[in-house]
Amino acid sequence: MFSRDFRRRLLGLKLKLRLNFDFKEMFKSRKFWFNFFKVMLILMGIVILGVLGLFIYFGKDLPSPTKVVRREGYSSKVYDRNGKVLYDIYNDAKRDPVSFSDIPDYLKQATIAVEDKDFYKHKGFDPLTPLRMVKNFFYFKKVTGGSTLTQQLTRNVLLTTERTVTRKIKELILAIQIEAKYSKDEILGMYLNEAPYGGASWGVAPAAEQYFGKTVNQLSLAECAILAGLPQLPSVYSPYSSTPKAYIDRTRHVLARMTEDGYISQSLADETMKEVENYQFNDQKSTMQAPHFVLWVKELLAEKYGEDVVEGGGLKITTTLDLDLQNKAQEIVAEEIEKNESKKITNGAAVIIDPATGQVLAMVGSRDYWSDKTDGNFNVVTQALRQPGSSIKPVTYLAAIKKGWTAATMIMDTPVTFPGTGGQKDYSPQNYNGKYNGPMSLRNALGNSINTTAVKTLAFVGVKNMLALAYDMGLSTLEPTQQNLSRFGLAVTLGGAEVKMIDLASAYAAFANKGLKMDMTGVLRVEDKDGRVLEEYKQTDGKRVMTEQEAFIISNILSDNSAREMTFGAVNSLQISGYQVAAKTGTTNDKKDNWTIGWAPNLLTAVWVGNNDNSEMGNLVSGVSGAAPIWKKIMTYELPK
């Protein structure tokens, strides 16, 4: 009567009902609940015994919580490659504890709001912190810290800075002990007197003096909010760091947290931000040598080992920097920019590397780190995004060589118009002098930096292929994503896309290193306070981004003075007597960026001049002025005599 499939489904339904019935009966059983609670009690007992065991095991050798009142840190030192001290991170650390009553309420409130909103409610730790961190990450798309102020104080004062589960357990035990011994106000006061605020300042009193030239009790709301935001990452948020404006967004976050927690009104927060955004910090020069380079290395190491380790872990950091070369390069950049101010050039930067190793030998991030004529502490080498002008052309020609072209391949230097696509206008590239030269070899087209031939070459190889090669060489901003492909057209070969100076230098080092790209590094060796080696530079084979023959062709063309004579003249700033050096210049059409990048097999120097505010330079700036004289002086100084 019924089909076999129907009978099978009916049987399954009966079984399901039977199972449900069994479960219901089971949950009504007293025996079941008795056994359930017995198992749960046993498990809870095991957990409690385990926790007690951990507390006993890790707590037996812990320092006394009474020692939290004061600490002596370990000074981390940074050296150049020859053992000369570049920076003693806090050898001259300033400590001047102040009483809790002298610390403004705004500073206390700002610190609690941004670091530990439930400070006055918990007993040293927050059991819900792990859940809150997960929620904030996935729901609010933000990363939050997991330590209370008490735990941070414990870590800063009583424990090592290693990032391990063991240390976290010890930190928790000590935090509970400290909470039992001291009042909340005492703990907050100790934290504020011991927290790292950047440089030599440990505690709010030295920080107030360093940044604002004031005593703590004189601080305004804006100043309190700025200080409260620093301890999380002083090497980033300090206005004396290589990211001198990062404190603004951090302070905005602090004020937002204060508003959310009811300490201040929204209107007061808005008014305070106006003061923050235009704040003039205390003018203070540092004894730090090569500050742009040192801060770059500090940031790299802080990402790897943690801020607290780099600031006070007693590290011995031996860098790749040659201090003598650094000082000479800094002197040359400063002098040349001073002489060229009439050309509306206010800033310059240089980076010098060993192409065979990727080691940074010198890094001049601006004309003067402490300059009052420009944003001196802004590191143009590592932070700025600038247009490379014609200095990007070798990548286009390399892409063509990879497709079979040679130095003798002929390209027509004639007027050309490329139809626009997607509603864009037609594109008609123009040469620098407005003239055309007819048929030209690839050698002469690249050597004389002809625009029309570069664009025609890019049309041959394709924008996507050129960007893929550039990205492979290390130009991180030129990844051939769909977004970049839609933004960048054929003008990318004339420098229409922004790059980082350090990327450009690293990419061009492959030409000097027979086609092998080496990762850039500023560190030779890092040792902890006990002399254990945490990391040490080891030579690698590098990444092959072009064949040895391809690298030779580009280097040979750019070292051939006759190949650039038509544009640069027989005598120019790209020649160095007694040496065959390759060099390429670049000047953007709007005169906002001027470059020279040149190399010998063991030395590469990249130089940029321009204005940090992206304003135009004078009309006299060209491929052989501005950056080129700086480049030539640096190379002449460093090349073997």
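Side chains are part of it too, since the values below use all heavy atoms of this structure and drop only hydrogens, waters and symmetry mates.
With contacts defined as side-chain heavy-atom distances shorter than 4.5 Å, the pair M473/L478 does not qualify. Side chains of V204 and V98 form a contact here, defined as non-hydrogen atoms less than 4.5 Å apart. A heavy-atom distance below 4.5 Å is found between the side chains of L86 and T319. Annotation: side chain of W631 is in contact with side chain of V581 (closest heavy-atom distance under 4.5 Å). Residues L149 and I187 fail the side-chain proximity criterion, which asks for heavy atoms closer than 4.5 Å. In this structure, K500 and L385 have side chains that are in contact, with non-hydrogen atoms separated by less than 4.5 Å. Under the 4.5 Å side-chain criterion, counting only non-hydrogen atoms from C-beta, R250 is in contact with V114. Taking the side chain as every heavy atom from C-beta outward, V351 and V360 approach each other to under 4.5 Å.
Closest heavy-atom contact between V254 and A110: CG1-CB, 3.8 Å. What you find for A600 and L639 is that their closest heavy atoms are CB-CD2, 4.0 Å. Nearest heavy-atom pair across L321 and A290 is CD2-CB, 3.7 Å. When all heavy atoms of M546 and K402 are compared, the closest pair comes out as CA-NZ, 3.5 Å. Smallest separation of non-hydrogen atoms from G376 and S366: O-OG, 2.7 Å. Between A349 and V380, the closest heavy-atom pair is CB-CB, 3.8 Å.
Between N347 and N612, the side chains place a donor N or O and an acceptor N or O closer than 3.5 Å (distance only, hydrogens not considered). Residues E535 and Y305 have side chains that bring a donor and an acceptor to within less than 3.5 angstrom of each other.
Counting only distance, with no hydrogens or angles, the side chain of T111 and the backbone of L107 share a donor-acceptor pair below 3.5 Å. A donor-acceptor pair under 3.5 Å is absent between the side-chain atoms of D118 and the main chain of H122, judged by distance alone. Q330 places a side-chain N or O within donor-acceptor distance of the main-chain N or O of R367, the cut-off being under 3.5 Å. Side-chain atoms of T636 come within 3.5 Å of backbone atoms of K632 as a donor-acceptor pair (strictly under, hydrogens ignored). Using a distance-only test at 3.5 Å, with no hydrogens or angles considered, no donor-acceptor pair links the side chain of N513 to the main chain of A509. Within the 3.5 Å criterion, the main-chain N or O of L323 finds a donor-acceptor partner in the side chain of D80. When atom types are taken as modelled, the side chain of N82 and the backbone of K84 share no donor-acceptor pair closer than 3.5 angstrom. Side-chain atoms of S235 do not come within 3.5 Å of backbone N or O of E299 as any donor-acceptor pair. Counting only distance, with no hydrogens or angles, the side chain of N379 and the backbone of Q383 share no donor-acceptor pair below 3.5 Å. The backbone N or O of L524 sits nowhere less than 3.5 Å from a side-chain atom of T318 that would complete a donor-acceptor pair.
Interatomic distance, CD of E115 versus CD of Q232, reported as 6.0 Å (0.5 Å rounding). Put simply, CD1 on I392 and CG on L475 are 5.0 Å apart, with the number rounded to the nearest 0.5 Å. Separation of atoms CD (Q359) and CE (M520) is listed at 11.0 Å; rounding is to 0.5 Å. In this structure, N327 CG and I332 CD1 are separated by 11.0 Å, a value rounded to the nearest 0.5 Å. Here E638 contributes atom CD and D324 contributes atom CG; the two are 9.5 Å apart, rounded to the nearest 0.5 Å.
Taking a 6.0 Å sphere around OH of Y537, one finds it holds more than 12 heavy atoms contributed by other residues, nucleotides or ligands. Around atom OH of Y369, more than 12 heavy atoms belonging to other residues, nucleotides or ligands sit under 6.0 Å away. E536 CD: more than 12 foreign heavy atoms inside a 6.0 Å radius. Within a 6.0 Å sphere centred on CG of D541, other residues, nucleotides and ligands contribute 12 heavy atoms or fewer. Under a cut-off of 6.0 angstrom, the local environment of NZ in K514 is sparse, with at most 12 non-hydrogen atoms contributed by other residues, nucleotides or ligands.
Under the salt bridge (charged side-chain N to carboxylate O under 4.0 Å, His left out) criterion, E479 pairs with no residue at all, not counting sequence neighbours.
Under the 6.0 Å cut-off for aromatic ring centres, Y191 and F119 do not qualify, their centroids lying 6.0 Å or more apart.
Using cut-offs of 30° and 60° on the angle between ring planes, the pair Y240 and Y211 is tilted.
With respect to K517 and D472, no salt bridge is recorded, no charged nitrogen being found less than 4.0 Å from a carboxylate O.
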